[in-house]
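In what follows, a single structure is set out as structure tokens and then discussed.
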Amino acid sequence: VAFDSEGAVHVSAYYSSAVYKFDAQSGALLAVYGQGLVSGPVGIACDPSSGDMFVSSYRDDKVLRFTPGGAFVGVAAGADVSPDGEAGGGGAAG
């Protein structure tokens with residue numbers, strides 16, 4: 001569970017492989033993101049300077065970066081794997 005810079009609550013859900021964003025005051029579901037990108041998310045954190053959310057994807061050993069609205073920014077850490085199975089770059093997402 002993490003709070004973004006606007007106070008919304010982001011919850012990573014391992015079995016549904018998604019992140020749920022809720023309004024902190026009303027509890028209303030605002031967004032669902034990361035589906036098809038995260039695989040078994042087990043942790044989430046907010047960068048207070050950018051507001052971006054970092055989600056650890058357990059099953060594929062990556063940390064993925066999303067905007068507070070849930071748009072995918074890139075792989076923040078972990079090896080990218082190409083379609084032929086070869087490990088590639090990783091590193092910081094811009």
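Taken from OH in Tyr14 to CZ in Arg59, the straight-line distance is 4.0 Å, to the nearest 0.5 Å. One distance of note links OG of Ser12 with CG of Leu64; it measures 11.5 Å at 0.5 Å rounding. Atom CE in Met53 sits 5.0 Å away from atom SG in Cys46 (nearest 0.5 Å). With rounding to the nearest 0.5 angstrom, the CZ atom of Phe66 is 14.0 Å from the CG atom of Asp4.
Under the 3.5 Å distance criterion, the side-chain polar atoms of Asp47 are left unmatched by any main-chain donor or acceptor of Gly51. With hydrogens and angles ignored, the 3.5 Å screen pairs no side-chain donor or acceptor of Ser57 with any backbone N or O of Asp61.
Residues Tyr20 and Ser16 meet the side-chain proximity criterion, which asks for heavy atoms closer than 4.5 Å. By the 4.5 Å heavy-atom criterion applied to side chains, Val73 and Thr67 are counted as neighbours.
Heavy-atom contacts from other residues, nucleotides or ligands closer than 6.0 Å to OH of Tyr58 number 12 or fewer.
The shortest heavy-atom contact between Asp23 and Ser26 is OD1-N, 2.7 Å.
Between Val11 and the choices Val1, Val19, Ile44, the side-chain contact (heavy atoms from CB on, under 4.5 Å) rule is met once, by Val1.
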For residues 28-41, run the donor-acceptor check on the side chains, cut-off 3.5 Å, and write out each pair with its distance to 0.1 Å, sequence neighbours left out.
residue	atom	partner	partner atom	Å
Tyr33	OH	His10	ND1	2.7

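Clustering of Ile, Leu, Val, Met, Phe, Trp and Tyr by side-chain heavy atoms under 4.5 Å joins Phe54 with Val63.
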